[in-house]
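Input: a single structure, listed below in structure tokens.
Here is the naming used below: chain letters follow the sequence lines, and residue numbers restart at 1 for every chain.
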Protein chains: 2
Amino acid sequence: MISPETAELRILDAAETLFYGRGLQAVGMDEIRSASGVSLKRLYQLFPSKGELIQAYLRRRDIRWRQRLAAYADAQDTPEERILAVFDWLHEWFGEPDFRGCAFSNSFGELGATSSPVAETARAHKEAFFGYLAELTAAAGKPASLSGHLALLAEGAITTAAITGSAEPAHAAKEAARVLLAAA
Amino acid sequence: MISPETAELRILDAAETLFYGRGLQAVGMDEIRSASGVSLKRLYQLFPSKGELIQAYLRRRDIRWRQRLAAYADAQDTPEERILAVFDWLHEWFGEPDFRGCAFSNSFGELGATSSPVAETARAHKEAFFGYLAELTAAAGKPASLSGHLALLAEGAITTAAITGSAEPAHAAKEAARVLLAAA
DNA sequence: AGAGTAGGAGAACGATGGTTCTCGCGCAAG
DNA sequence: CTTGCGCGAGAACCATCGTTCTCCTACTCT
């Protein structure tokens with residue numbers, strides 16, 4: 001038998017791959033059982049319902065996503081470079097083979113109307129991301145309005161990259177960001 | 001009995017309200033039957049499967065959405081005004097009580113991974129929208145890259161407005177668009 | 001008027017999926 | 001050793017949903 005911690009990790013890993021890759025409703029609990037190798041009984045002990053598993057998946061993904069982004073951007077030397085690095089990181093993300101857009105936007109589109117926890121998690125994720133951009137913008141001594149504009153560019157790049165299947169929107173967004181940055 | 005044309009209209013109206021408002025998989029055919037007042041038999045005569053009804057819904061929405069946008073923007077006097085009017089129209093749209101983001105992005109997030117018709121329709125919609133922006137940009141004598149940047153702003157505004165439930169992103173996007181327009 | 005047909009209401013069917021239950025096994029405590 | 005508990009495997013259960021079928025009504029065409 002495997003430890004509860006390992007079981008939880010395996011479940012969350014399987015859930016993330018499947019939910020993100022195919023959508024929340026398209027994936028059944030049985031499939032998460034098979035992919036994780038954890039029995040249905042244990043699965044329901046750790047996550048009492050599919051809804052709770054979805055929330056756990058989204059919560060973990062939110063934290064990890066923002067950590068990856070911040071680790072990349074914060075490694076830059078100047079505030080301006082950190083801002084532009086956000087778009088470089090987006091480009092790397094878009095290039096990953098399993099990239100399929102923003103997990104939160106996708107979940108919101110699918111269940112936001114019928115599940116307030118999902119809607120709330122999506123909103124919290126966007127707010128946290130926008131808050132991070134606001135920090136970077138403030139550190140660069142730029143007006144707060146700029147951070148809102150950058151957020152729209154990033155958001156638009158994510159959606160566009162997902163639907164067109166190309167990483168190019170990240171470069172276009174960076175170009176636009178450079179113009180806005182210079183003008184602000 | 002009602003005419004086949006009326007039945008088709010009523011079905012498509014009901015499907016649009018329900019699919020857009022609650023999601024594709026969250027709405028059953030029975031509910032479309034009730035909302036439209038058209039019997040299940042007729043419904044399946046006109047749309048042989050739920051998948052085909054979804055496609056019909058998306059096709060009609062694509063055309064209507066772009067017509068509404070173009071009717072609004074094309075009424076402006078100058079090319080620059082037409083570009084900025086796109087964002088004013090977005091603001092009006094975001095303010096509608098049943099606004100819930102882009103039907104195509106939502107559908108893509110929900111079924112894009114498992115249904116190629118849905119993925120293809122979403123891509124076609126975005127391409128058509130971007131093409132329209134490219135026309136406006138070219139008419140203003142601006143470089144093609146600008147139209148890509150404007151597309152990202154619009155796209156980001158739609159997603160952000162949907163998740164935050166506010167129409168404000170349209171104004172922020174317009175502000176950013178004005179800066180990019182002046183700099184291009 | 002009478003026969004045949006189209007249509008409506010809704011039951012029925014089959015598949016799927018979330019959740020729980022049963023069964024049998026292995027291990028740990030007494 | 002044996003008793004009981006926790007676990008895994010998977011069947012079972014129940015609701016939902018896409019799709020089709022049945023039955024009955026009402027109208028049309030002669």
Next item on the list: Let me know the distance between CG of A:Asp30 and P of C:dT19, rounded to the nearest Å.
Entry: 12 Å
Next item on the list: Answer yes or no for B:Arg66 and B:Tyr132: cation-pi contact, defined as NZ/CZ to six-membered ring centre under 6.0 Å and angle to ring axis within 45°.
Entry: no
Notebook entry, point to check: D:dT19 P sits how many Å from B:Glu52 CD, rounded?
Noted result: 10 Å
Note to self: To the nearest 0.5 Å, what is the distance between CD on A:Gln25 and CD on A:Glu110?
What the structure shows: 4.5 Å
Next item on the list: State which of D:dC7, C:dG8, D:dG10 makes the closest approach to the side chain of B:Lys41.
Entry: C:dG8
Note to self: What is the distance, to the nearest angstrom, from the CZ atom on A:Arg10 to the P atom on D:dG8?
What the structure shows: 10 Å
Notebook entry, point to check: Between D:dG10 atom P and A:Leu43 atom CG, what is the distance in whole Å?
Noted result: 15 Å
Item checked: d(CZ, B:Phe47; P, D:dG18) in whole Å -> 15 Å
Note to self: Among D:dT19, C:dG18, C:dA9, which nucleotide has an atom closest to any side-chain atom of B:Ser39?
What the structure shows: C:dA9
Item checked: Spacing of A:Leu40 atom CG relative to C:dT22 atom C1', expressed in whole Å -> 14 Å
Notebook entry, point to check: Considering only side-chain heavy atoms of A:Met29, which listed nucleotide, D:dA11, C:dG7, C:dG18, is closest?
Noted result: C:dG18
Checklist line | Check: A:Arg82 side chain, A:Asp77 main-chain N or O, donor-acceptor pair, under 3.5 Å | finding: yes
Margin query: What's A:Lys50 touching, base or sugar-phosphate or nothing? Going by heavy atoms closer than 4.0 Å.
Written below: sugar-phosphate
Note to self: What is the separation between atom CZ on B:Arg33 and atom P on D:dT19, rounded to the nearest whole Å?
What the structure shows: 14 Å
Note to self: Donor-acceptor pair, distance only, cut-off 3.5 Å: does the side chain of B:Asn106 make one with the backbone of B:Arg100?
What the structure shows: yes
Checklist line | ring pair (Phe, Tyr, Trp, His ring centres under 6.0 Å) partner of A:Trp65, the single match among A:Tyr72, A:Tyr57, A:Phe129 | finding: A:Phe129
Next item on the list: When you get a sec, tell me which of D:dA11, D:dT20, C:dG18 is the closest nucleotide to the side chain of A:Tyr44?
Entry: C:dG18
Note to self: Heavy atoms only, 4.0 Å cut-off, all strands: where does B:Val38 land among base, sugar-phosphate and nothing?
What the structure shows: nothing
Next item on the list: Report yes if a donor N or O on one partner sits less than 3.5 Å from an acceptor N or O on the other, where the partners are the side chain of A:Arg42 and the base of D:dG6; otherwise report no.
Entry: no
Notebook entry, point to check: CG of A:Leu46 versus C1' of D:dG8: gap in Å, rounded?
Noted result: 14 Å
